[in-house]
Enquirer: 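Dropping the structure in here first, questions after.
Chain A is the first sequence line, chain B the second, and so forth, proteins listed ahead of strands; every chain is numbered from 1.
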Number of protein chains: 2
Amino acid sequence: MSASERKRAAITEAAIGEFVERGYAGASVDAIAARARVSKPTVYSHFGNKERLFLTVIGGYLRDGYTDLGPLADRIAEAPDPRAALIDFLGSWVEVVLREDVMTLRRLVIGEIDRFPQLGQVWAQVNATNDEALVRAFAALHKKGALDVPRPRQAVRQLTAMTVDAAQLIRTFRPAYEFDEGELEELVSSGVDVFLTAYARG
Amino acid sequence: MSASERKRAAITEAAIGEFVERGYAGASVDAIAARARVSKPTVYSHFGNKERLFLTVIGGYLRDGYTDLGPLADRIAEAPDPRAALIDFLGSWVEVVLREDVMTLRRLVIGEIDRFPQLGQVWAQVNATNDEALVRAFAALHKKGALDVPRPRQAVRQLTAMTVDAAQLIRTFRPAYEFDEGELEELVSSGVDVFLTAYARG
DNA sequence: GTCTATATCTCGATAGAC
DNA sequence: GTCTATCGAGATATAGAC
C-alpha cells in the first residue's frame with residue numbers, strides 16, 4: 001500500500017469517527033485532518049470537499065458494515081422447529097441493529113437525509129438483503145406446506161416490523177433505554193407467534 | 001399581547017423554521033433573528049443560548065403539533081364493523097405521521113437525540129397518548145368477547161408496528177418515496193388482517 | 001502529493017447606549 | 001427590553017513552496 005493510500009485510509013477512518021460523534025455540520029475538516037495525522041489540503045486533494053467526503057465515507061461504511069444474516073436465514077426452512085429457528089434468527093438480527101454503532105450511524109443518516117438522499121437509498125438497499133433471505137425461507141415453508149404465505153415479501157415486512165423494527169424504534173428515540181431481562185425475547189417471540197398464528201396453514 | 005410577547009412568538013416561529021430546514025448546527029442565531037425581524041440580543045434575552053432555544057422551541061412544537069386521535073379510537077369498540085373501523089383509524093394515523101412537516105421534525109429530533117435526549121422522552125410521551133386510545137378500544141373489544149387480547153398494550157405495539165410505523169419507516173429513509181395507488185391501504189388492511197386473525201376469539 | 005500558512009467568512013455570544 | 005456594534009473562536013477552502 002502506497003503512502004497516499006495509507007493516508008486516504010486514515011482520513012476515511014478519522015472522518016467516520018468525527019461524523020458519527022458530532023454529525024455532519026458539527027464535524028470539522030480540521031479535526032478530521034488532525035485525527036488522521038495529515039494536513040488539511042491532503043483531505044481536500046483526496047475528497048474534494050466536505051460533502052463528498054461525507055458521502056463517500058459514510059456510504060462506504062454503510063455497505064461494508066452490513067451484517068449478512070442470509071446463511072442463518074437459509075436454515076429456517078429446514079429446521080425441525082421453525083418457530084424456534086425464526087426466534088433465533090430474529091434475535092440475532094435484533095442484536096445487530098441495537099448495537100450502539102449501528103444505532104448512531106442510523107440516527108446520523110436519518111438526520112442528514114435531506115442533504116444526502118443517496119444515503120437513504122444505500123440504507124434501503126443494504127437492508128433489503130436480509131429481507132430477501134427471509135423471503136426465501138418463507139417461500140420454502142410455503143412450498144413445503146408448513147405455512148400459508150402467498151405474499152412472502154409483505155409477510156416479511158410485517159414480521160420484521162413487529163420484532164426488529166419495533167425494538168430499534170424504541171432505541172431510536174431513547175438511546176439509553178435498557179430492556180428488562182427477557183423483554184426483548186418476549187417482544188420477538190410474541191411477534192413470531194402473532195405471525196405464525198395468522199399465517200398458519202388451514 | 002405585549003410587544004415582547006409578539007417578539008418571542010416571532011422568534012419561536014422563525015427558530016422552528018430554521019431548525020427544521022437546516023438542523024441544529026446548520027441553523028444560525030443570526031438567521032433566526034433576521035427571520036423574526038429582531039436583533040440577536042433579543043433572541044438571547046428571551047432564550048439564553050442556542051441550546052435552550054432549540055429545546056424550548058422544538059419541545060413545545062412537538063407537544064402542540066400532536067394530533068389527538070383518541071375520539072376516533074373510542075368509536076372502534078362500538079362500531080358495527082370493527083375491522084373497517086380499525087382500518088379507518090389507522091389510515092388517519094398514517095396520514096398524520098406521513099405529513100412532510102411531521103416527517104421532517106421526526107428526522108430532526110432523531111438526528112439530535114444525542115445532544116438533546118429530553119426530546120426523545122417528549123416524543124415517546126406524545127406518541128403514547130394515541131397508543132393508549134387504542135389500548136382502551138382493545139380492552140373493550142376483549143371484554144365484549146369480540147377479540148381475545150389478553151395483553152392489549154403489546155397487541156397495540158404489534159398492530160401499529162405493522163401499519164403506521166412500517167409506512168413511516170419507508171419515508172424516514174426515502175423522503176421522496178411515492179406510495180402507489182392503493183399501496184398504503186393495502187399495507188394497513190393487510191396488517192389489520194394479520195392482527196385480527198392472530199387475536200380472533202377461540 | 002503533501003506540507004505550512006493564510007485568506008475569507010460566519011459563528012455564538014456580549015458590552016454598552018437608549 | 002431592545003438596539004448597534006463588535007469580539008474571539010473556529011469554519012471551509014486554497015495559494016504557493018517543496
Enquirer: Going by the angle between their ring planes, with limits at 30° and 60°, are Y24(B) and F19(B) parallel, tilted or perpendicular?
Expert: parallel
Enquirer: What is the separation between atom CZ on R22(B) and atom C1' on dA11(D), rounded to the nearest whole Å?
Expert: 17 Å
Enquirer: Nearest whole Å is fine: how far is dG12(C) C1' from E18(B) CD?
Expert: 15 Å
Enquirer: May I ask you to decide whether K40(A) forms a salt bridge with D30(A), counting only side-chain N to carboxylate O separations under 4.0 Å?
Expert: yes
Enquirer: In whole angstroms, how far is the P atom of dT12(D) from the CZ atom of R52(A)?
Expert: 16 Å
Enquirer: Please report the distance, rounded to the nearest Å, between CG in D30(A) and C1' in dA7(C).
Expert: 14 Å
Enquirer: Under a 3.5 Å cutoff, is there a donor and acceptor pairing between the side chains of Y66(A) and N127(A)?
Expert: no
Enquirer: Tell me what N49(A) touches on the nucleic acid: a base, only sugar-phosphate, or nothing, going by heavy atoms under 4.0 Å.
Expert: sugar-phosphate
Enquirer: Can you list everything that forms a side-chain hydrogen bond (donor to acceptor under 3.5 Å, both in side chains) with Q125(B)? Sequence neighbours excluded, please.
Expert: none
Enquirer: Please enumerate all protein N or O atoms sitting under 3.5 Å from an N or O of nucleotides 1-6 of chain D, with distances to 0.1 Å.
Expert:
unit_1	atom_1	unit_2	atom_2	d
dT2(D)	OP2	H46(B)	NE2	3.1
dT2(D)	O3'	K7(B)	NZ	2.9
dC3(D)	OP1	K7(B)	NZ	3.2
dC3(D)	OP2	S39(B)	N	2.9
dC3(D)	OP2	S39(B)	OG	2.9
dC3(D)	OP2	T42(B)	OG1	2.4

Enquirer: Roughly, in whole Å, what's the span from OH in Y44(B) to P in dC7(D)?
Expert: 17 Å
Enquirer: Which part of the nucleic acid, if any, lies within reach of A27(B) when heavy atoms closer than 4.0 Å are counted: base, sugar-phosphate only, or nothing?
Expert: sugar-phosphate
Enquirer: Mind calculating the distance between CD1 (I32(A)) and C1' (dA13(D)) to the nearest angstrom?
Expert: 14 Å
Enquirer: Identify whether the distance between the nearest side-chain nitrogen and carboxylate oxygen of E112(B) and R107(B) falls below 4.0 Å.
Expert: no
Enquirer: Starting from C1' on dT14(D), measure out to CZ on F47(A) and report it in whole angstrom.
Expert: 18 Å
Enquirer: Centre-to-centre under 6.0 Å for F195(A) and F138(A), is that the case here?
Expert: yes
